[in-house]
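Note that the numbering runs from 1 along the sequence shown for the chain. These numbers come from a predicted model, not from an experiment.
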Amino acid sequence: MDGSIQQNEILMVITVGIIVMMTLALALVLFFYFSQKKFQNERLKAQEREIKHQEQLLFSTIVAQEKERERIAKDLHDSIGSKLNVINLGLHRVEKAGKDVPAIQETTGEIFSVISDTIATTRRISHDLLPPTLANFGLQAALEEFCEGFRHTDSLELAFEMMQQDPRPTDKQVELGLFRTVQELVNNSIKHGKAGHINLRLWCSPADIRLEYLDDGKGFDMQDGKYRNGLGMQNIESRMKMIDASYQFSSAPGKGVKFRAQYNYPL
């Protein structure tokens, strides 16, 4: 009987030992699991912080670019533009004084032509840098003016349609973000897509602003990192994030480009 008791004690010790070992093993597994999970969470948080930091840097760059554009546009308009007008007026006096001298008339005529072209170019560059129509009359008028500039271009037809016109007062930064996005899309359609026709539609309601852009260009593979990570696409994505707008971008080789954006007014 003593032998039986000893056997039971041995079995008990073995059983307890096994349970202890299993408990320790489970504790080690759980420790390793939660340690790895914590490490993964910390790494994800670090990546999120880095992405957020890069976004903030990009946003700051865009804001700085807009300020620099504004400064250059004002310099072109106020300084260079006014000086060209002074030269133009002075040349009129020279032309009047030398009205009986053919050589002077011919020379002043040529200079008038150069000055007129320079004034027009300066005004166009100034408007591209900081469209006064956008600041004074809003997004619809700015897009209409922008598209009108392509009316006499044989290689590209840019059509604009106002689908719904029931706007509410809008933050100028939102309108600027949408306008710059259209400029970037058109530039890409011309430079890379070789598009011949572009359709641009705008909806303005009391609840939101919606924009749709379609071209008939070459299109591209959305999986191709060269296009997806290009500077143009990054600028568009950054501007959409800056104004907190949702967007959809689709394209395929031979299928052109389709872009939709929607900005919802805060409740």
Side-chain angles (χ1 to χ4, degrees), residues 1-68 170-171 173-174 176-178 180-181 184-185 188 192-193 205 207-213 218-267:
M1 186 164 179
D2 290 340
S4 177
I5 293 174
Q6 288 180 351
Q7 287 181 354
N8 289 336
E9 289 177 350
I10 293 171
L11 288 174
M12 181 65 70
V13 170
I14 293 173
T15 302
V16 170
I18 292 173
I19 292 173
V20 170
M21 291 178 63
M22 291 180 64
T23 302
L24 289 174
L26 180 60
L28 288 173
V29 169
L30 290 174
F31 175 79
F32 179 78
Y33 170 77
F34 285 112
S35 296
Q36 285 295 104
K37 189 174 182 179
K38 183 179 180 181
F39 174 75
Q40 292 290 343
N41 288 337
E42 290 296 328
R43 189 168 66 175
L44 287 174
K45 288 180 181 178
Q47 290 175 346
E48 289 174 358
R49 287 194 295 267
E50 179 63 22
I51 291 172
K52 192 68 176 178
H53 177 65
Q54 293 299 326
E55 284 183 353
Q56 290 300 325
L57 288 177
L58 192 54
F59 293 169
S60 298
T61 300
I62 291 174
V63 171
Q65 286 176 345
E66 290 298 340
K67 289 182 178 179
E68 186 66 9
T170 307
D171 187 336
Q173 290 303 314
V174 173
L176 180 62
L178 292 170
R180 293 296 190 208
T181 295
E184 190 70 55
L185 288 167
N188 288 342
H192 303 294
S205 78
D208 59 22
I209 300 175
R210 285 174 289 145
L211 183 73
E212 183 181 76
Y213 179 97
K218 298 189 300 183
F220 61 90
D221 183 0
M222 292 287 291
Q223 302 303 316
D224 190 338
K226 180 179 67 175
Y227 294 101
R228 188 178 65 252
N229 300 322
L231 185 59
M233 285 294 296
Q234 288 183 351
N235 284 338
I236 291 171
E237 292 175 357
S238 297
R239 289 191 180 277
M240 291 296 96
K241 289 180 180 178
M242 282 184 69
I243 64 175
D244 195 24
S246 60
Y247 66 95
Q248 295 176 332
F249 196 104
S250 62
S251 183
K255 301 293 185 180
V257 166
K258 185 174 184 179
F259 177 84
R260 287 179 176 173
Q262 181 172 347
Y263 168 78
N264 295 315
Y265 290 106
L267 298 176

Between Phe259 and Phe249, how do the two ring planes meet: parallel, tilted or perpendicular, split at 30° and 60°? perpendicular
With rounding to the nearest 0.5 Å, note down the distance linking [atom1] in [X] to [atom2] in [Y].
| X | Y | atom1 | atom2 | answer |
| --- | --- | --- | --- | --- |
| Arg180 | Leu185 | CZ | CG | 13.5 Å |
| Leu28 | Thr23 | CG | OG1 | 11.0 Å |
| Thr181 | Glu237 | OG1 | CD | 10.5 Å |

Which residue pairs pass the side-chain hydrogen bond (donor to acceptor under 3.5 Å, both in side chains) test when at least one of the two sits in residues 244-260, sequence neighbours left out? Glu212-Arg260
What closest approach, in Å, do [X] and [Y] show between heavy atoms, and which atom pair accounts for it?
| X | Y | value |
| --- | --- | --- |
| Ile243 | Gln173 | CG2-O, 3.6 Å |
| Ala261 | Met240 | CB-SD, 3.8 Å |
| Ile209 | Leu178 | CG2-CD1, 3.8 Å |

Determine whether the side chains of Asn235 and Ser238 contain a donor N or O and an acceptor N or O closer than 3.5 Å. no
We want to know whether Tyr265 and Ser205 form a side-chain donor-acceptor pair, criterion being a heavy-atom distance below 3.5 angstrom. no
Carefully, step by step, assess Met21 and Leu24 under the rule side chain to side chain contact (heavy atoms under 4.5 Å, CB included). CA-CA 5 Å; Met21 291 178 63; Leu24 289 174; 5.6 Å; no
